[in-house]
**Q** 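After the structure tokens below, expect a handful of questions from me.
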Amino acid sequence: MLRLFNTLTRRLEIFRPITPGQVHLYVCGMTVYDRCHLGHGRMLVNFDVLYRWLTMSGYSVTYVRNITDIDDKIIDRAARNGESISALTERMIAFMHQDLTRLQVLPPTHEPRATDHVPGMISLIEQLMTKGLAYSGSNGDVYYSVRDFPDYGKLSGKSLEDLRAGERVARDGFKRDPLDFVLWKSAKPGEPQWPSPWGPGRPGWHIECSVMSECYLGEHFDIHGGGHDLQFPHHENEIAQSEGAHGHTFVNYWMHNGFLRVNDEKMSKSLGNFFTLDDIFNKYHPDVVRFFLMRGQYRSPLNYTDAHLEDARQGLNTLYTALRGRGVSDGAVDWEGEHEKAFRRALDDDLNTPEAVAELFALAHEVHRGGGDASATRLLRLARILGLLPQDPEAWFQEGAGLTVDTAVDDRERIEGLIAQRLAARQVRDFATADQIRQALLAEGVVLEDGAGGTQWRRT
RNA sequence: GGCGCGAUAGCAAAGCGGUUAUGCACUGGAUUGCAAAUCCAUGUAGGUCGGUUCGACUCCGGCUCGCGCCUCCA
């Protein structure tokens, strides 16, 4: 029985879908003005684990992860780059898909783009106008009137008074309340624009998620997720829009993943600690990054350092080692097994991936203690539920063991040539020469392993 | 200022009111021509002060420290 922490109630709750056997899941995806960074990666991997686990648990899941391809930052960036908005967004979307593929993140059922849903947004804003929850300012922008939505603040646990006390909200002369937010922005010269009842313009930030979720999942659905920072104002505003317009509950379970930190500091461009996934993949294999992300519970802050990634790499190598030379097959999990039960219990407990991973290590241990191929197969099948251990183990170790290295073809031939030389030396018991070759290869990160079936090699 | 979260062994990170988490690193032994991998053995951790309890890392409260949101942000 799956339990999830619901941000709305701040409690662990038993998950009960609206329609038995079906889950409607929406996650706020990327605003595509730049490459994905590790924080995005964390969010995308976390909800990928949720998607996989729901599916594995027997639910038919409709997973929608949107792309926001129109907003201030996109317009600014395109202008600064001297390129069109669509050129920028198409490029970033292609990069994103590449990053996601490398991270073993499955594609969602639907990946709608905001610019394909502008008419729906206009329609929703009209409904809000009709209900007296929206108004147009004298500047042509349309605003949401937060004071007219009594539940405003229920997700973030804030009252309007608390929010006003922060005094961090810029006042402008067009809003009735400084906390009102923009639903529709009137067009400025040179900006993309769509016709609307309020004149040409473009949507505000939050409206696209209310509209796209409704389009694919309905007015009321099961789970809505995103990064912790989206709790307020983005998700709060989505609730105001959707529940304000429809007059009933929008989402049953809200899930938010914790932030990623870098060297114990918030990741930010000004601190210069901003890593794109691509940067990291130049050093570590994406599987290592995915494994690293799953060693922490998704709601906790996670600190990135090179040392932590190196730890993760070594741990992952332990798992891959257990698969080396084993006859394994992918396939259905036998959930009667002790480790399988513990694994399920862990994930059912608000996606406790660290505990699930511990079961992977337990099985790896079992492989070496007589469990052999059977235990290795069990390990592989559980790992693959999490999107782990997708590679052939021998290839994994020869291609860098989690480090990104140049693997030129002649490099392999050279290594195997040296191994042959060493074998010849060993056969005449010239161990001095044999050890010299071993040391020389070790110095460049290649370990030789003498076994019953001959000498194998791997990178460290 | 408002709201919220956290503090676990060298590092990372879980569960749990009384029994070994787990991983990485380290140490000793086995194994090996030497190694690697693996196996065996080895860690009296739970910020601090108090309370509840037969018993608390685990529940409650104070304190200290760290962090997040309140503005664009996954």
Side-chain angles (χ1 to χ4, degrees), chain A residues 7 10 27-31 33-34 36-47 71-73 76 153 156-159 161-170 178-179 205 225-234 236 256-261 264-269 291-292 294-297 299-303 305 307-319 321-322 324-325 342 345-346 349 352-362 364-365 367-370 397 426 429-432 434-436 438-439 441-442 446-451 455-458 460:
Chain A
T7 307
R10 287 164 209 286
V27 171
C28 288
M30 293 289 301
T31 299
Y33 70 100
D34 206 343
C36 296
H37 61 237
L38 188 53
H40 297 123
R42 185 180 195 194
M43 176 275 289
L44 294 159
V45 166
N46 282 150
F47 288 105
D71 104 313
D72 290 352
K73 281 200 291 285
D76 291 349
S156 51
K158 300 171 190 304
S159 68
E161 291 67 36
D162 292 341
L163 288 163
R164 290 191 184 101
E167 288 184 10
R168 295 177 66 178
V169 182
L179 294 168
W205 173 31
H228 184 240
D229 52 333
L230 258 33
Q231 190 182 330
F232 188 92
H234 184 56
E236 193 70 62
H256 295 95
N257 65 276
F259 252 60
L260 189 105
R261 299 162 56 73
D264 276 319
E265 290 176 312
K266 180 175 176 173
M267 189 162 62
S268 76
K269 283 180 178 166
F291 183 65
F292 164 72
M294 298 213 288
R295 299 211 310 162
Q297 212 273 347
R299 284 190 285 126
S300 302
L302 182 64
N303 189 33
T305 67
H308 294 168
L309 219 47
E310 184 57 29
D311 271 11
R313 185 175 80 88
Q314 296 300 350
L316 189 57
N317 282 158
T318 297
L319 260 21
T321 298
R324 289 181 87 189
R345 232 179 293 126
D349 183 19
N352 191 334
T353 51
E355 223 177 294
V357 165
E359 294 306 319
L360 264 28
F361 281 99
H365 195 224
V367 170
H368 301 300
R369 296 187 65 193
F397 283 111
R426 289 182 75 211
R429 300 192 67 81
D430 177 5
F431 293 123
D435 288 351
Q436 203 180 345
R438 175 194 290 294
Q439 288 305 318
L441 282 170
L442 187 62
V446 174
V447 177
L448 302 188
E449 299 172 317
D450 299 326
T455 299
Q456 285 191 299
W457 67 276
R458 64 178 173 86
T460 51

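In what follows, chains carry the letters A, B, and so on, assigned in the order in which the sequence lines appear, proteins first and then strands, with residues in each chain numbered from 1. Please read all numbers here as calculations on a predicted model, not as lab measurements. Every heavy atom of this structure was used, including side-chain atoms; hydrogens, water molecules and symmetry mates were not.
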**Q** Determine the Euclidean distance between corresponding C1' atoms of B:G18 and B:U32; express it in Å to zero decimal places.
**A** 45 Å

**Q** I'd like the C1' distance from B:U42 over to B:G28, given in whole Å.
**A**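 Looking at atom C1' only, B:G28 and B:U42 are 8 Å apart.
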
**Q** Please state the C1' separation for the pair B:A12 and B:A21 - nearest whole angstrom.
**A**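 Pairwise C1' distance, B:A12 against B:A21, rounds to 13 Å.
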
**Q** Tell me which of A:Arg458 and A:Glu359 sits closer to the 5' end of RNA chain B, going by the nucleotide each one is nearest to.
**A** A:Glu359

**Q** Determine whether A:Asn257 and A:Phe47 satisfy the following criterion, side-chain contact (heavy atoms from CB on, under 4.5 Å), listing intermediate values before the conclusion.
**A** CA-CA 9 Å; A:Asn257 65 276; A:Phe47 288 105; 3.7 Å; yes

**Q** Rounded off to whole Å, could you give me the CG-to-P distance for the A:Leu163 and B:C3 pair?
**A**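 Value for this atom pair: 12 Å.
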
**Q** Is there a side-chain polar atom (N or O) of A:Arg313 under 4.0 Å from OP1 or OP2 of B:G23?
**A** no

**Q** So, A:Gln297 side chain and A:Asn352 main chain: donor-acceptor pair closer than 3.5 Å or not?
**A**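 Absent.
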
**Q** Can you give the dot-bracket line for RNA chain B, using ( ) for pairs inside the strand, [ ] for pairs that cross earlier ones, | for pairs with another strand and . for unpaired bases, where Watson-Crick and G-U count if both distances are under 3.5 Å?
**A** (((((((..(((.....[...)))..((((.......)))).....(((((..]....))))))))))))....

**Q** What's the spacing between A:Asp71 CG and A:Thr31 OG1 if we round to 0.5 Å?
**A**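 Those atoms lie 5.5 Å apart.
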
**Q** Would you give a per-nucleotide map of nucleotides 4-17 of chain B, 5' to 3', where B means the base has a protein non-hydrogen atom under 4.0 Å away, S means only the sugar-phosphate does, and - means neither?
**A** -------BSSSS--

**Q** Ignoring hydrogens and angles, tell me if any N or O in the side chain of A:Arg426 forms a donor-acceptor pair with the backbone of A:Ala434 under 3.5 Å.
**A**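 No, because the side chain of A:Arg426 does not come within donor-acceptor range (under 3.5 Å) of the backbone of A:Ala434.
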
**Q** Which residue, A:Gln439 or A:Phe291, contacts RNA chain B at a nucleotide closer to its 5' end, judged by nearest heavy atom?
**A** A:Phe291

**Q** Tell me: CZ of A:Arg324 to P of B:U38, nearest whole Å?
**A** 10 Å

**Q** Just by distance, do the side chain of A:Thr7 and the backbone of A:Ser156 share a donor-acceptor pair under 3.5 Å?
**A** no

**Q** Between B:U38, B:C72, B:C3, spot the one nearest the side chain of A:Lys73, thanks.
**A**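 Comparing B:U38, B:C72, B:C3 against the side chain of A:Lys73, the answer is B:C72.
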
**Q** Side chain of A:Arg42, backbone of A:Gly227: donor and acceptor closer than 3.5 Å?
**A**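 Judged by distance alone, no pair lies under 3.5 Å.
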
**Q** So what does A:Gln231 touch, heavy atoms closer than 4.0 Å: a base, only the sugar-phosphate, or nothing?
**A**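 Answer is nothing: A:Gln231 stays at 4.0 Å or more from every strand.
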
**Q** Within the 4.0 Å limit for protein heavy atoms, which parts of nucleotides 29-34 of chain B are touched? Write it as a string from 5' to 3', B for base, S for sugar-phosphate only, - for none.
**A** ----BB

**Q** Quickly work out the A:Gln456 CD to B:A35 C1' distance and round it to whole Å.
**A**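 A:Gln456 atom CD is separated from B:A35 atom C1' by 14 Å.
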
**Q** Kindly point out which of B:G68, B:G2, B:A35 is positioned nearest to the side chain of A:His228?
**A** B:G68

**Q** Determine the interatomic distance between C1' on B:U44 and the same-named atom on B:C39; round to the nearest Å.
**A** 25 Å

**Q** For B:U64 and B:U48, measure between their C1' atoms and round to the nearest Å.
**A** 7 Å

**Q** Among B:C72, B:C39, B:A74, which nucleotide sits nearest the side chain of A:His368?
**A**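 Selected nucleotide (nearest to the side chain): B:C39.
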
**Q** Identify whether a stacking contact exists between A:Phe259 and B:A74, where the ring centres must be under 5.5 Å apart and the planes under 30° apart.
**A** yes

**Q** Start with the C-alpha gap between A:Thr321 and A:Phe397, add the side-chain angles, then the distance that decides, and say whether side-chain contact (heavy atoms from CB on, under 4.5 Å) holds.
**A** CA-CA 9 Å; A:Thr321 298; A:Phe397 283 111; 3.4 Å; yes

**Q** For A:Met30, does its backbone N or O pair with a side-chain atom of A:His40 as donor and acceptor, under 3.5 Å?
**A**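 It does not hold such a pair.
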
**Q** Taking only the side-chain nitrogens and oxygens of A:His365, find out if one of them lies under 4.0 Å from OP1 or OP2 of B:C39.
**A**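 True: A:His365 side-chain N/O within range (under 4.0 Å) of B:C39 OP1/OP2.
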
**Q** Minimum heavy-atom separation for A:Gly296 and A:Pro354, please, with both atom names.
**A** C-CG, 3.7 Å

**Q** Roughly, in whole Å, what's the span from CD in A:Glu449 to P in B:A36?
**A** 10 Å

**Q** How close do A:Phe291 and A:Leu319 get, heavy atom to heavy atom, and via which atoms?
**A**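 In this case the closest contact between A:Phe291 and A:Leu319 is CE1-CD2, 3.9 Å.
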
**Q** Is the phosphate of B:C24, meaning OP1 or OP2, less than 4.0 Å from a side-chain N or O of A:Thr318?
**A** yes

**Q** Categorize A:Gly258 for me: base, sugar-phosphate, or nothing, with a 4.0 angstrom heavy-atom threshold over every strand shown.
**A**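 Base contact - A:Gly258 has a heavy atom under 4.0 Å of at least one base atom.
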
**Q** Which value, rounded to the nearest 0.5 Å, describes the distance between A:Thr455 atom OG1 and A:Arg438 atom CZ?
**A**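 Those atoms lie 8.0 Å apart.
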
**Q** Would you give the length of the straight line joining atom CG of A:Leu302 to atom CZ of A:Arg295, rounded to the nearest 0.5 angstrom?
**A**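 The CG atom of A:Leu302 sits 9.5 Å away from the CZ atom of A:Arg295.
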
**Q** Taking atom P in both B:U38 and B:C24, what distance in whole Å separates the two?
**A**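 Between the two P atoms, the distance is 8 Å.
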
**Q** Can you tell me how far apart OG1 (A:Thr460) and CG (A:Leu442) are? Round to the nearest 0.5 Å.
**A** 7.0 Å

**Q** What distance, rounded to whole Å, do you find between the two P atoms, one in B:A7 and one in B:G15?
**A**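 It comes out at 10 Å once rounded to the nearest Å.
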
**Q** Write down the distance separating the P atoms in B:U8 and B:C67, rounded off to the nearest Å.
**A** 14 Å

**Q** What nucleic acid atoms does A:Leu260 come within less than 4.0 Å of, heavy atoms only: base, sugar-phosphate, or nothing?
**A**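 Since a base atom lies under 4.0 Å of A:Leu260, the category is base.
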
**Q** Tell me what A:Leu448 touches on the nucleic acid: a base, only sugar-phosphate, or nothing, going by heavy atoms under 4.0 Å.
**A** base

**Q** Counting only side-chain nitrogens and oxygens, does A:His234 get under 4.0 Å of the OP1 or OP2 atom of B:C70?
**A**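 Result: no.
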
**Q** Using a 4.0 Å heavy-atom cut-off, does A:Gly157 contact any base of the nucleic acid, only the sugar-phosphate backbone, or nothing at all?
**A** sugar-phosphate

**Q** Determine the minimum heavy-atom distance between A:Arg324 and A:Gln456, stating which atoms define it.
**A** NH2-OE1, 4.0 Å

